[in-house]
Protein chains: 2
Amino acid sequence: MEPDAITSLKIPGSVVRRLPRYLTQAQHLRQEGVEWVSSLSLAETLGLTSSTVRQDLSHIDFQGVSKRGYSTAGLEGALARTLGVDHDITCVLVGAGNLGRALALHDEFGRQGFKIVGVFDSAPAVVGKKVGRFTVQGMTELAGVVREQKVEIGIISVPHEAAQPVADQLITAGVRGLLNLTTAHLLVPAEASVVDARVLASLRELAYGVKRR
Amino acid sequence: MEPDAITSLKIPGSVVRRLPRYLTQAQHLRQEGVEWVSSLSLAETLGLTSSTVRQDLSHIDFQGVSKRGYSTAGLEGALARTLGVDHDITCVLVGAGNLGRALALHDEFGRQGFKIVGVFDSAPAVVGKKVGRFTVQGMTELAGVVREQKVEIGIISVPHEAAQPVADQLITAGVRGLLNLTTAHLLVPAEASVVDARVLASLRELAYGVKRR
DNA sequence: ACAAAAATGTTAAAATTTTAACGTTAAACA
DNA sequence: TGTTTAACGTTAAAATTTTAACATTTTTGT
């Protein structure tokens with residue numbers, strides 16, 4: 001099945017960053033038994049305009065229906081396909097500190113298709129310890145696991161000084177995307193992707209928000 | 001000391017979202033003993049243009065020096081003041097699941113001035129349990145703690161269906177900013193701020209990134 | 001003391017993103 | 001069966017954001 005020439009060509013970053021929110025809404029609504037949703041209602045619950053919603057959804061391979069809106073199930077499926085989350089994605093997690101362990105234990109990601117297949121850490125004191133169903137492995141085993149299990153995404157939750165070397169190791173081993181939970185800025189080759197989770201940055205952004213009133 | 005009329009008037013959101021990254025860089029550089037940094041060098045390490053960096057920093061109350069650039073210490077201080085992170089900010093955390101517990105245990109936030117003063121959960125089985133130095137409290141105690149300790153920020157890491165009611169309770173109790181770790185979209189009065197941590201959304205954004213190549 | 005040059009702050013243009021406007025489609029109902 | 005109308009998809013305008021260009025400043029070196 002050939003992907004649609006227009007819709008698959010390249011979705012602007014501003015739009016890609018909103019697609020996950022539409023997906024979440026579509027999921028929630030469908031789970032609540034709602035079958036149809038309009039651009040206006042999506043806009044209101046997400047704090048956008050209906051124009052933006054329609055403009056955004058025009059980038060995915062899915063059509064609304066006049067007078068009804070969008071089928072929540074159809075929208076959910078189309079968004080999942082567009083984002084590439086309509087199938088499981090294998091991940092490894094590097095850095096078994098508090099944050100890393102929490103993510104490994106947080107089954108919601110697994111339910112959403114992000115399957116962690118290994119947890120790694122460089123500290124000998126941590127290697128061998130259990131984190132939920134995982135046994136923490138040493139960094140020497142990382143490349144092998146990535147190759148054997150065709151791991152696509154690496155989640156980095158190490159101290160920020162260690163982040164770049166870990167990123168390099170992951171990319172060299174064959175991972176194509178990095179979720180960066182550190183405050184470091186990661187440099188990767190053009191064919192790889194990085195998304196920063198920005199947890200501390202979000203808190204700081206919030207500090208600015210609460211200050212000015 | 002009157003805040004500068006121009007610089008404090010309102011910094012565009014696009015800029016505010018980058019200020020924490022400059023702050024992080026300035027901190028890292030100063031800790032490494034680097035005293036000066038240019039807009040070009042900042043731009044290169046953050047993946048921006050030097051123009052954007054200079055434009056962004058023109059919003060804060062701080063001047064660079066011709067031929068030298070920006071003093072890392074000065075920049076760090078000015079950014080911290082602009083964002084409002086030059087003093088401690090009290091936070092409470094609601095939802096002592098895996099993610100919540102990890103954040104409570106992650107001392108980096110505390111070192112950066114975000115002081116958690118209480119951890120709350122609605123599940124009777126969890127209330128009374130220890131999370132690091134905290135004893136999980138019931139929701140009935142939330143309002144009292146927020147008022148007595150003048151808590152400014154609430155961190156929400158509950159199941160998404162519970163997020164809005166928890167947000168309402170926090171706002172009613174007097175919190176002025178919310179860090180939302182759930183996938184719910186939170187509605188709050190105009191005088192309050194919400195920042196979404198977008199962890200799952202980031203993974204999904206990454207899925208799109210790894211798909212298209 | 002003067003000239004050269006590196007890097008800022010600022011102005012203005014370019015690019016992108018968001019919003020509004022509106023023609024079109026198809027469901028609902030008389 | 002025809003009319004009404006809600007809501008889409010699309011075009012174009014408005015607003016915002018990013019980038020380029022350059023005049024200005026100030027350090028450095030001769």
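None of the values given here were measured: they were computed from a predicted structure. Protein chains get the first letters and strands the later ones, always in sequence-line order, with residue 1 at the start of each.
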Open item on the list: Taking the nucleotide of DNA chain C with the nearest heavy atom to each, does A/Val15 or B/Tyr70 sit closer to the 5' end?
Closed with: B/Tyr70
Task: Earlier contact from the 5' end, DNA chain C, for B/Ser66 and A/Thr52 - done: B/Ser66
Using a 4.0 Å heavy-atom cut-off across all strands, classify [X] as base, sugar-phosphate, or nothing.
{"X": "A/Arg68", "result": "sugar-phosphate"}
{"X": "A/Arg17", "result": "nothing"}
{"X": "B/Ser39", "result": "sugar-phosphate"}
{"X": "B/Ser14", "result": "sugar-phosphate"}

Open item on the list: Tell me which one of A/Val166, A/Asp196, A/Ile156 satisfies side chain to side chain contact (heavy atoms under 4.5 Å, CB included) with A/Leu178.
Closed with: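 Exactly one option meets the side chain to side chain contact (heavy atoms under 4.5 Å, CB included) with A/Leu178, and it is A/Ile156.
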Open item on the list: Please determine whether a side-chain nitrogen or oxygen atom of B/Thr49 lies at a distance below 4.0 Å from atom OP1 or OP2 of D/dT19.
Closed with: yes
Measure [atom1]/[X] against [atom2]/[N] and give the value in whole Å, please.
{"X": "B/Asp56", "N": "C/dT10", "atom1": "CG", "atom2": "C1'", "result": "14 Å"}
{"X": "A/Gln63", "N": "C/dT24", "atom1": "CD", "atom2": "P", "result": "16 Å"}
{"X": "A/Leu57", "N": "C/dT18", "atom1": "CG", "atom2": "C1'", "result": "15 Å"}
{"X": "A/Leu48", "N": "C/dT17", "atom1": "CG", "atom2": "P", "result": "15 Å"}
{"X": "A/Arg54", "N": "C/dT19", "atom1": "CZ", "atom2": "P", "result": "12 Å"}
{"X": "A/Leu75", "N": "D/dC8", "atom1": "CG", "atom2": "P", "result": "11 Å"}
{"X": "A/Tyr22", "N": "D/dC8", "atom1": "OH", "atom2": "C1'", "result": "14 Å"}
{"X": "A/Trp36", "N": "C/dA26", "atom1": "CH2", "atom2": "P", "result": "12 Å"}

TODO: Would you mind telling me which residue lines up with the more 5' stretch of DNA chain D, A/Lys67 or A/Gln55, judged by nearest nucleotide?
DONE: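 Closest to the 5' end, via its nearest nucleotide, is A/Lys67.
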Task: Closest heavy-atom pair and its distance - A/Leu93, A/Gly100 - done: CD1-O, 3.5 Å
Task: A/Glu35 and A/Arg30 ion-paired at < 4.0 Å - done: no
TODO: Please assess B/Gln31 against B/Gln27 for the test side-chain hydrogen bond (donor to acceptor under 3.5 Å, both in side chains), listing each intermediate value before the final yes or no.
DONE: CA-CA 6 Å; B/Gln31 282 161 14; B/Gln27 283 184 325; 5.3 Å; no
Open item on the list: On the side chain of B/Ser38, is there an atom forming a donor-acceptor pair with the base of C/dA7 - under 3.5 Å, no angle test?
Closed with: no
Task: Residues in salt bridge (Lys or Arg N to Asp or Glu O under 4.0 Å) contact with B/Asp56, at least two apart in sequence or another chain - done: B/Arg18
